[in-house]
Structures are given as C-alpha cells and as structure tokens.
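Okay, structure first, notes after.
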Protein chains: 2
Amino acid sequence: MDQIELVRDFNRFYTQRLGVLNDHYLGQGRPLGEARLLFEIGDGADLRELRSRLGLDSGYLSRMLRSLGAAGLVTVGSHPSDGRVRTATLTPAGRRERADLEARSRDSVAALLDPLTPAQRERLLEAQASVRRLTRLATITIEAVPDDTASARACLHAYAGELDLRFPEGYDPATLIAPGTLTEGAFLLAREAEQPVGCGLWQGAGPIAEIRHVWVSPDARGLGLGRRLLTAIEQDAAAHGITTVRLGTHPVLTEAIALYRASGYRAIPAYGSSPYDQLAFEKRLQAT
Amino acid sequence: MDQIELVRDFNRFYTQRLGVLNDHYLGQGRPLGEARLLFEIGDGADLRELRSRLGLDSGYLSRMLRSLGAAGLVTVGSHPSDGRVRTATLTPAGRRERADLEARSRDSVAALLDPLTPAQRERLLEAQASVRRLTRLATITIEAVPDDTASARACLHAYAGELDLRFPEGYDPATLIAPGTLTEGAFLLAREAEQPVGCGLWQGAGPIAEIRHVWVSPDARGLGLGRRLLTAIEQDAAAHGITTVRLGTHPVLTEAIALYRASGYRAIPAYGSSPYDQLAFEKRLQAT
DNA sequence: ATATTTCTCTGACTATGGTCAGAGGTCGTG
DNA sequence: CACGACCTCTGACCATAGTCAGAGAAATAT
C-alpha cells in the first residue's frame, strides 16, 4: 500500500470511529445542526457572526433559531449598538442543555481513554498532536500577493510589533518595506483556512536578492512553517533567475539563525545598512 | 487543557479538515449515499451484504439502487444459488464513475502530502498509524460470555488451528475446553466492531485458578490487546476471590512468554498434565 | 404439502439540511 | 432626508436521508 492509500485508509478509519462516537453523543433528540448551533452561541453571539462561522444561509439560521426559541433554549434580541444586527443568547435551559451535550461528549471520550494505560494515553496524545501539526502544515497555502494587500500589511505589522518587543533597542516600523515598493521581487503570504499566518519576501534585480521579513504567526509556530516559507521564497527567487540569496538578522533571533544554518546558509560579513541586521547569511541557489 | 479536551480538540480539528476534503471530492453531483454505495458494490455484492455493511434500510437501499440503475451505473440481478437474494453489479459506466471517485480521492490526498518533505510524510504516516493502533485498542470491548457461544467457539477453533501450525508436534483440538464445561471461571471475549478478535479464560474454584486459551486474532496483533486481555482476566479472577493465577505454555510461543514475564509472572515448575504445557508461570494477584 | 422464514421491492410518510426571492427594518453617506 | 448597503425574517421551495408497513417470491422447516 502506498502512502496515499495509507492516509486514505486512516481517514476512513478515523471518520468511521468518530462518526459512531459523535452520532451517539449528539444524536440525543436534537438535530445535529441545532446542537452545533447551541454550542456556537455559547455566551451570546451575533447572528451575522454565527452565520459566517457555521457557513449557514440566513433563512436557515433564522428557522433553526425559531425552533430553538420555541423549545425555550434561546432568546434572540437586538444588538445594543447596531439595530440591524440581532444577538442570540442561551436561556438557563439552553445553558443546561449545552452543558449536557458537553458532558456527554466528554464522557464518550473518557470512555475511549479508559481502557488505555497512562503510558498509552500519553502516546495517543503525542501521536494525535503530530498528526495535527503535520496536517496543519500541509494544509497551509503559500502564495505570492502584492505587498500592499491588507493581509500582507497585517503580517508585517505583527512582525514589527514582535521585533519591537524582542530587540533590546526596539524596532522602528519605518524599517518595514514601504507598501507598493516591491517591484523587483515577490511577497509570499502563508494562509491557514484563509487566515494569514506568515509571510516573507525576496527583493532584488538579480543575480543576488535579499530575503526579508520572514515571519510566522505565534499560533502557527512549531509546525515547520518557517522552513516551508524559506524554501518557497528560495524557489520563487530561483524561478526568477536569482542565483544567490542573502539576508541580515539580529543576534537575539536565535531560532531564525538556527533555521538559516540548518537550511544551508553560511555566515557572511554584515552587508546592509540597517542597524538591526548585525548578522548576515548567504546561500547559493540550485537552478531547478 | 486536560487529556479529554485534547482528544476532543483533535477530533474536532480532524473531522473539520476531513469534512472539507471529503465533501470536495465526493460532492461531485452524486449524493453521498449513492457515492458510498458505488464504492461498496465494487465487483458485485449481494444486497443483503450491502445492507449490513452500510447499515441501510432495505427500502432505502432499493431506492438508491433504482436511482443508480436509472443512471446506467448499476444492474441488479438474481443470485445464482439463492433466488431470494439479489446481486448488484457495476456497469462499465459505473466502474468508470467509481474509478473517477477513487482518483479524485487519491488526488486530494496527494495534494495534502505534496507540501511535506519525505521525512515529514514518514512522520505523518507513523503518527497516524499510532493513533489508529491505540484507537483500535481502546475501542475493543472485553466481556464475559458463556464458553459455548458461537463466537467463543470460533475463537477457540482459530486458536487451536494456529497452535497446530506452530507446534512441531501439532495440536489436538480435543485439548480445548469442552463447550459448556466452564462452570467455575469465566470466558472473556474481545470484540472489535462486534467481530470477535480475541479470547481467554480463567478456571478454578480458588484460591488458585488457571488461565487458559489466551488468543489474539492475527489482524488485531501489535495493538497491545494481549496485555489488555490478560489484565482483564486477572481482574475478573481477582474479583471472584482468586488470589493466584497460573498458566502453562509451550516453548515456541515466545511472544506469549515475553508477555507473561513483562506482566509480572514468575516461572514455576510445570504442573499440568497437558503435554503442550511444558513451561509454567504463576502470578499472585493484588486484591483491588 | 404446508407453514414459516428470509429477502426484496413498493409506496407512503417524516425529518433534516439547504436554497432562493422578496419584504421590511436600520445604518451610513451624500 | 433620500439613497443604497446591510441585516434579518418569512414563506415557498427542493434534495437527501431515513423509517415503516405490507406485498410477493423463494427457500427452509415441519
């Protein structure tokens, strides 16, 4: 069996087992859609938000809320500051039912874990964490976007804010590449489920280009996304005729430096004018 | 976050990602139920079997088959030897559609694996295999059943057949416990999704009991089921006032012997009359 | 040979999930 | 204040999934 078949086989297996679990604990009288809605409302939520989170048609949502309302589980009121928006809140009975669902779900998982020894439970959790990390990494997309899109700028500002905290001397956001000035090079944006989670760019007319602003969002760290981003930037640069990339970095960014070394970068004398780039690295790209 | 929450979180994450994948490749015009049916028919299958495999109502199955038949994908004929049973077969067009579904499913998985390095793919597969092994182990049930039920006897005969192959001198099935004679003790049966996958029994009026016929089906090996079974037998025996268990075994059963040693059994002089029990082990049980 | 069981099909029915067009209220902008 | 954009609700649809009772044919037990 090849890798693809193994993965498919796992997916089939796991959805089957999960399906049995889920249907069992959620299928207690209430239809699945309404049960999920009950979950998502939590401590009150705007309908607009619920719609986008659950991907529902407005008519459909409205009808489900009416049904939950008739059962005395939910009340729908108006938004305090925007009269168009309505807000759903759980009644005490709704909160009770939601807690019931939660408890049943927890029970079914507890029953699953029960036959395992503590060591086996540990191993299961580790393996699940690995599957999850690698699946997340694999489903993150990396794509070239103009450097003045909202997502790109958001990443850059997060990057600047973080450096400002980490550098003893702080970081001046004016150091960032100015919007719309990346004419020779490319800005790559990493997205997970449409949310931006990382970025990086290469810049220069060739044959040498500079790699800058490589950043990974805190909640996407530990996945190996930094390495994927760096590789993607190198490949994109190489495809545009770049033969050598270099970059400057700051001594406090030890993980980044380790990544560069592990990716085949060699230290070179600092070349740039930026006061932050106290260290510099270089890598010769293979034509692919 | 405690273990239960971690597992729930993984399950939510994985079903969401899978849901996206599945809906994408299966949701190509054909309803999910019919697509699954197309898969399961494969190279022809009896309706009775399809019904039990997919858990369908006979009317529902019949209607779906009519719909697939009208689309020219399936033909339903009679069973050659049993006129009541009908058999579904894919037409060439049905096989083509099925192959299409397969290909789309493979493609979506291939796209998932693509961004990963070979080492990461390896790690993903290993982690999935671990999750699967442990989930299988955890969902296997172990239950006391009368020793003359069909499932119990089936396990015992599989056990005897296997010993007959492994022992140089063969194994005489008459050595097995006779049906219905286990009055002092208990026969424990392990089941995975209702299918028997292992067994074992303890026997004796106490305070010493004998453990016999511990067996794990070949396709459930490597999960740790042997250990779970042994523990379950010991617990059941202890709950019935047994303070010491002993067992005899054959020198060629090296994995079993390793399991006994690892589970706290000490070698004792052979005590039994059975010619196969050339080695013997004993363990004192803790009152729980 | 007759009764019972097994298997499939049919038609009627229900629930759930989901889409669509339009009505009507509310907000921000010119 | 008029207009367009935004948000929600309503009612009318539709497809899929699933259940149920009963009829009819074939096999099996008595």
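A, B, ... follow the sequence lines: proteins, then strands. Residue 1 opens every chain.
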Rounding to an integer number of Å, can you tell me how far [X] [atom1] sits from [N] [atom2]?
X: B:R48; N: D:dA27; atom1: CZ; atom2: P; result: 12 Å
X: A:L68; N: C:dG17; atom1: CG; atom2: P; result: 11 Å
X: A:R51; N: D:dC7; atom1: CZ; atom2: C1'; result: 7 Å
X: A:L61; N: D:dT8; atom1: CG; atom2: C1'; result: 9 Å
X: B:L65; N: C:dC7; atom1: CG; atom2: P; result: 16 Å

Looking at DNA chain C, which of residues 80-90 of chain A put a heavy atom within less than 4.0 Å of it?
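Correct list: A:D82, A:G83, A:R84.
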Qualifying salt bridge (Lys or Arg N to Asp or Glu O under 4.0 Å) pairs, either residue in residues 51-71 of chain B, two or more places apart:
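The answer is B:E40-B:R53, B:E49-B:R53.
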Please list all pairs passing the salt bridge (Lys or Arg N to Asp or Glu O under 4.0 Å) test where one or both residues lie in residues 78-88 of chain A, with sequence neighbours left out.
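As it turns out, the salt bridge (Lys or Arg N to Asp or Glu O under 4.0 Å) pairs with a partner in residues 78-88 of chain A, which skip direct neighbours, are A:D82-A:R84.
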Among A:T91, A:I41, A:T89, A:L37, find the residue that satisfies the side chain to side chain contact (heavy atoms under 4.5 Å, CB included) test when tested with A:V74.
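Only one of A:T91, A:I41, A:T89, A:L37 forms a side chain to side chain contact (heavy atoms under 4.5 Å, CB included) with A:V74, namely A:I41.
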Going by the rule salt bridge (Lys or Arg N to Asp or Glu O under 4.0 Å), which residues pair with A:R136 if we only count those two or more places apart in sequence or in a different chain?
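Residues passing salt bridge (Lys or Arg N to Asp or Glu O under 4.0 Å) with A:R136: A:E192.
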Can you list every pair that meets side chain to side chain donor-acceptor pair (under 3.5 Å) and has a residue in residues 143-155 of chain A, with sequence neighbours left out?
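Only A:E143-A:R191 qualify under side chain to side chain donor-acceptor pair (under 3.5 Å).
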Between protein and nucleotides 10-19 of chain D, map the contacts as a letter string: B base, S sugar-phosphate only, - none, heavy atoms under 4.0 Å, written 5' to 3'.
B-----SSBB
Quick one: sort the A:Y14 and A:F10 rings into parallel, tilted or perpendicular, breaks at 30° and 60°.
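Parallel, since the angle between the ring planes stays under 30°.
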Keeping A:T15 on the side-chain end and A:N11 on the backbone end, is there a donor-acceptor pair under 3.5 Å?
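Answer holds: yes.
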Output yes when a side-chain donor or acceptor of A:R228 lies under 3.5 Å from a complementary backbone atom of A:I140, and no otherwise.
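Yes.
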